[in-house]
Amino acid sequence: MPIRRCSIGKRSTNPVIFAALLNELMPIHFKQYDELDLPKVADEVLKQWEVEDTFGQSLELRKDAPPFVFYEGPPSANGLPGIHHVMARAIKDIFCRYQTQKGNLVHRKAGWDTHGLPIELGVEKELGITKEDIGTKISIEDYNAACKKAVMRYTDVWNDMTRRIGFWLDLEHPYVTYQTKYIESVWWLLKQLYDKDLLYKGYTIQPYSPAAGTGLSSHELNQPGTYKNVKDTSAVAMFKVKEENASEFLFKDAFGEVFILAWTTTPWTLPSNTALTVGPKLEYVRVKTFNPYTHEPQTVVLAKARLNAYFRSDVEEPMHAIASSVLLGVPQKDAFENYDKNGKLIPWQVLDGEFYGHQLEGITYEQLLPYAQPEQGEAFKVIGGDFVTTEDGTGVVHTAPSFGADDMRVARQHNIGTLTLVDLQGRFTKDMGEFAGKYVKNEYYPEGTAPDKSVDVEISIKLKEMGRAFKVEKYEHNYPHCWRTDKPILYYPLDSWFVRTTAKKDRLIALNKTINWKPESTGTGRFGNWLENLQDWNLSRSRYWGVPLPIWRTKDRDEELCIGSLKQLKEEIAKSVKAGVMKEDPYASFKVDDMSDANYDTVDLHRPFADNIVLVSPGGKPMKRETDLIDVWFDSGSMPYAQLHYPFENEDGLKEKFPADFIAEGVDQTRGWFYTLHAISTLVFDQVAYKAVVSNGLVLDKNGQKMSKRLGNAVDPFKTLDEFGADAVRWYMISNASPWDNLKFDAEGIKEVQRKFFRALFNTYNFFALYANIDKPELGVDVSAARTESDRWILSRLNSLIKLADTNYTEYEPTIAARAIQDFVVEDLSNWYVRLNRRRFWKGEQGNDKNAAFQTLHRCLEVVAMLSAPIAPFFSDRLYRDLAEKSVHLSNWPKHDDALIDTELEERTKLAQSLTTLVLSIRKKEGHRVRQPLQKMMVPVTDAIMRKRLEAIQELVLGEVNVKELVILDANESKLTKKIKPDFKKLGARMGKLMKTVAAAVNAFDQAQIAELEANGTMKLTLDGQEVELLREDVDITAEAIPGLSVASDGPITVALDITLTEPLIEEGLARELVSRIQTLRKETGLEVTDRINLHIQRNGNERFERAVQGHAKHILAETLALTPENELLVTDLPNISPGRHALELDESLSCAVYITPNGR
RNA sequence: AGUCCUGUAGCUCAGUUGGUUAGAGCGCUACACUGAUAAUGUAGAGGUCCGCAGUUCAAAUCUGCGCAGGACUACCA
């Protein structure tokens, strides 16, 4: 364990004081590790967190800091967590941790969503019952108790996963939606809506199963197998237009009576028709023809685009005799005059004058089947609706508002009345004359009792006889069926309670525009468009396990009461008991102002308890609760308030905890939780519920398929965590794709992250620790004057990185931050800085150069730990503790220092890296290994900036590529050939259409022309008869080659390498080769890095070799940490002791013998 | 059916306000390196930038129409 020498002081920005303090903070021994084991690190750090309560400490540390508000969307604990939850939870954790490091107080309360249909279905499956059994085989009370028990089944598993992925969340004090306090807050919210007249009872068209006698949710309708292809009788009915002012134009030159055609696949809805809907922008025509069944002359109206569907036009005289497709036939002349009433060939003719749908609006027609009249509103009128298409049918929609959602909507807009001539059992009502009592679908009859002809068929026959059928045929379509009874559903008007969200539509839209959506398109697109087409929120659910609607009503519906608190409920119960309506108060044990959990535990507001309460109205009549439950989405949308038991407790607390600064969930919550949060806060508080929201995408398998148990491609989160550790999994998920893009999960990717990022970081730290422990550098002294070019460079990179990471974490772009951190660690720090500066860490004297190196690397590692802490909380904590002796999660986010960012320095280092690459490439091509020194490299320059940069990086590059000198050539004076390239961007803007010709001309320039342009700065060209002026700035001129030398180039940079080997160079190369072999030997013989040795080399008669050893003896001895006197290095006879004697092969033709022993301490 | 997202190398992804020869990592092949070494370097193979049409001197990038995958919502005459 590191030994701390003094307690942590407040940091100062003054470099001298800072340095002094740093020295105090610095451990004097750094822990070293043998191998990187991320799962083990995670385990150990997790235990440390639990022992120290690091999460609690992090909150305590920020207790007076400005709050950053986060809301946890409650998962349902009745299912097991999957790998996608790891993703979702990691994203939440990242920003909470980041904001904590930034100095904010971030509370994170866990939550559980406990109500809802999936839970009910699960329990029913388990108990082997159906909804019908509730109240008979099982009491509501027992049923709900079973639900309550089932719903928290997997909380332990969830909590375990949450801990293991490192998500800091207050799991000890979650909000739970079934708790009485929670429900009380929900009731309070409902009452706010009620008091604002935003809660009302209305009816809507909902999927309804007459066989089961229940409405169905869209969830139920989406069960597999509910939609089936069925053949139904469809009819095109004819609606007779009344002749009046509005319809006058239809009667001009009319043939017989005038009808509007409308198609339906459900003829049983025709008696309930009250309107016809046309597309206002669609074109319609009149067609003169005969009725195919009665053969009476008639004029029919339909959409022009639908003509071909009903009238054949494959004939020679289209204006006369064309057969209707109703009855196939061939054309004949003089068709109208000669029409044979019994014939199958029906002539038709489009009458002059097309017209638009809106011209039809307002026209009235005779009721088709006058069994009953609507009680309210207008009827039998043509209206306009946007939803009308010309894909099938006639372009006119038969509108029966009771049996279609679109129909109802458009009817309401136009104040059209309704007819509901079908009862809840699916039978025609008594108003339906000869049809009364018949089921509208044959499937509804008890088995074996269905008639031969369905009512669809009977009605169609009747229409034919009446002369009101234009076409009757079987039609195959996809129709939803009840998943329980397997019988077709009806769309039927049902009573429901609604939240009048449409009344606040403008506010919902306006407030949404202030929310920071990630990605933006979800907010403007999916969510924005949804708000534009907002419907009132249907709150009612006819179920058992959920929050009961707190509305009591008298039987005559004249009086009703909405309850907004337990206090109010108790008062009303008291009145009721007093009036003798109830015998006693079932919640008698509840004390009104006692906020203790124990007190609240005495009350259960679920069914059947709430149902048993009968209140008394001001008029003295009994009031019963509306039996509906509310949509569970209202539960979770209430969490900002209900988690605080607002307003009964924490009335002030809400100010600090609302709205949220940040929430995150899957994109599938757009119309779920994201919407309900937004709707409730807008309607009740006229505020947003969250300022920023990240909607993350799905986690797919590696082939891009959705994960599912059925396909067996679901990834077990626990196994994954066991294998790779949370850090690698989180880092992989975040760095691989933006949170909102779908992630193709592939364990190979995690391995890569482990190998590249974590190993590089781990090795860099271990390198640091190894030499820091050996050399005990002074980490406290001020080394600003001693910093080398590469120190300043890596610090510049580091500060750029801090800035970039900060910006991107702030803007909820963790992927960009992660990739930048990773690149910094792998490329800049490990592969460049450490590689270049290795020797500074383990060679030479103590001093400020060495101190500067250690301090620089220490700072880089420490900052990397801080920057990566939000994403990789375990490993970064271990790293930071090893460097600075406290948890990174209690650290303050590093501030970047603009003064340390030197873009010119970064540029020229980039140049150095390019030059290095180029030289290595030439060496490779020419077959000269890096250990062989070369005399010189040449770089042509075309401007002063480049020259200055080269001079600055000269030492660095020469050392890296093992070359003695760098010669900078003036491109203008040397014998270089040059290359010219047009700058398309600059030139294109000026040249326009001539661009291609100019580019071709420039590319064809010879050396003389290039020189001319460089000398004059301008040049006139005549192309295609036009004179254009070419400027020096319009082209890039680069040196291309140096005759006689080996050259490589990359973009504008060209390097030439002199590969002549002189005798001294060869000898130096040999010496280096020897050093390398001896180093390997040291390692192989198990010597420690710091061990000093005795070294002797045996003469082998090769003069060149012996000269090399003698000439470079000092170098050889120093590099290998040998204490042998210089003049004893090369010997004729080696000591004859076998363990120290080794043969070395330097190349194919050269070998030697050496003697190594440890130098006794 | 509507709304939205995605489509670039075998895989995962970058690609600035349209600009030359479209990049990186992994994987593959060959060679080198070896006191940070399950690392690293150099070279190579690998692309109809989903398709078609349009705008433009110039399109992976802008526009339109499609195709494929996905999400959500709806399901209608």
Side-chain angles (χ1 to χ4, degrees), chain A residues 35-36 207 218 221 227 234 262-266 269 276-277 387-389 391-400 404-407 477-480 491 519 521-522 524-530 532-533 666-672 697-698 700 702 704-706 735-737 740-744 746 748-749 751-752 755-756 759-760 762-768 770-771 815 819 822-823 826 830-831 834-835 838 841-842 916-917 920-925 929-931 981-989 991-999 1003 1036 1076 1079-1080 1082-1083 1087-1089:
Chain A
E35 52 168 8
L36 175 62
S218 57
L221 225 50
Y227 281 85
S234 75
W263 178 58
T264 178
T265 55
T266 50
T269 61
L276 293 172
T277 308
F387 61 91
V388 180
T389 68
E391 274 163 30
D392 44 23
T394 63
V396 180
V397 177
H398 142 63
T399 303
D406 279 339
D407 301 38
H477 62 156
N478 222 359
Y479 198 85
Y491 287 89
S521 61
T522 303
T524 53
R526 185 184 288 191
F527 194 62
N529 290 339
W530 154 266
E532 294 289 342
N533 296 312
V667 68
D668 56 343
Q669 293 299 333
T670 306
R671 277 123 170 194
L698 302 177
L700 309 169
K702 63 180 178 182
Q705 295 298 306
K706 215 175 158 175
S735 65
N736 190 30
W740 35 90
D741 289 334
N742 290 345
L743 172 70
K744 288 181 195 161
D746 187 353
E748 288 302 312
K751 283 185 197 158
E752 189 181 328
R755 219 171 43 224
K756 289 204 74 102
R759 193 170 297 281
F762 171 81
N763 284 337
T764 305
Y765 167 76
N766 250 5
F767 171 81
F768 171 85
L770 175 64
Y771 292 110
T815 305
R819 287 175 182 170
Q822 182 168 322
D823 283 348
V826 176
S830 173
N831 280 349
V834 174
R835 187 159 56 88
R838 270 204 301 256
F841 290 90
W842 62 279
T916 305
T917 299
L920 292 177
S921 169
I922 298 171
R923 277 183 168 277
K924 168 85 184 163
K925 195 167 61 187
R929 48 183 48 174
V930 181
R931 272 199 294 277
K981 245 170 49 181
D983 183 331
F984 275 67
K985 207 167 178 175
K986 282 185 190 137
L987 211 49
M991 299 299 168
K993 294 200 179 197
L994 273 173
M995 185 63 211
K996 264 186 189 149
T997 354
V998 175
N1003 283 329
D1036 288 329
S1076 163
Q1079 300 289 35
T1080 309
R1082 281 184 57 117
K1083 198 178 175 187
L1087 289 165
E1088 289 300 314
V1089 177

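Within every chain, numbering begins at 1; the chains are lettered A, B, ... in the order of the sequence lines, protein sequences first and strands thereafter.
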Heavy-atom pair with the smallest gap, counting every atom of Asp407(A) and Thr399(A)
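Nearest heavy atoms, Asp407(A) then Thr399(A): OD2-CA, 3.3 Å.
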Sugar-phosphate, base or nothing in reach of [X], heavy atoms under 4.0 Å:
X         : value
Asn766(A) : nothing
Ser921(A) : sugar-phosphate
Lys744(A) : sugar-phosphate
Ala737(A) : sugar-phosphate
Thr265(A) : sugar-phosphate

Look at the side chain of [X] and decide which nucleotide, out of [options], has an atom nearest to it.
X         : options                   : result
Leu698(A) : rA43(B), rA38(B), rG70(B) : rG70(B)
Pro480(A) : rA38(B), rU40(B), rC76(B) : rC76(B)
Asn763(A) : rU40(B), rU20(B), rU37(B) : rU37(B)

Which distance, rounded to the nearest 0.5 Å, do you find between the CG of Leu698(A) and the CG of Asp741(A)?
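One gets 11.0 Å once the value is rounded to the nearest 0.5 Å.
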Any-strand Watson-Crick or G-U partner of rC4(B), both distances under 3.5 Å
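Paired with rG70(B).
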Who does rG25(B) pair with, Watson-Crick or G-U, both distances under 3.5 Å?
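Partner of rG25(B): rC11(B).
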Would you mind building the protein contact string for nucleotides 57-63 of chain B? One character per nucleotide, 5' to 3', B for base within reach (heavy atoms under 4.0 Å), S for sugar-phosphate only, - for untouched.
B------
Under 4.0 Å protein heavy-atom contact, by nucleotide of nucleotides 26-33 of chain B - B base, S sugar-phosphate only
SS---B-S
Is Thr917(A) close enough to rU42(B) that one of its side-chain N or O atoms is under 4.0 Å from OP1 or OP2 there?
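Yes, Thr917(A) has a side-chain N/O under 4.0 Å of OP1/OP2 on rU42(B).
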Is any side-chain nitrogen or oxygen of Tyr491(A) closer than 4.0 Å to OP1 or OP2 of rC76(B)?
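It does, given that an N or O in the side chain of Tyr491(A) lies less than 4.0 Å from OP1 or OP2 of rC76(B).
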Where the side chain of Thr764(A) meets the backbone of Ala760(A), is there a donor-acceptor pair that is under 3.5 Å apart?
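Side chain of Thr764(A) to backbone of Ala760(A), a donor-acceptor pair under 3.5 Å: yes, one is there.
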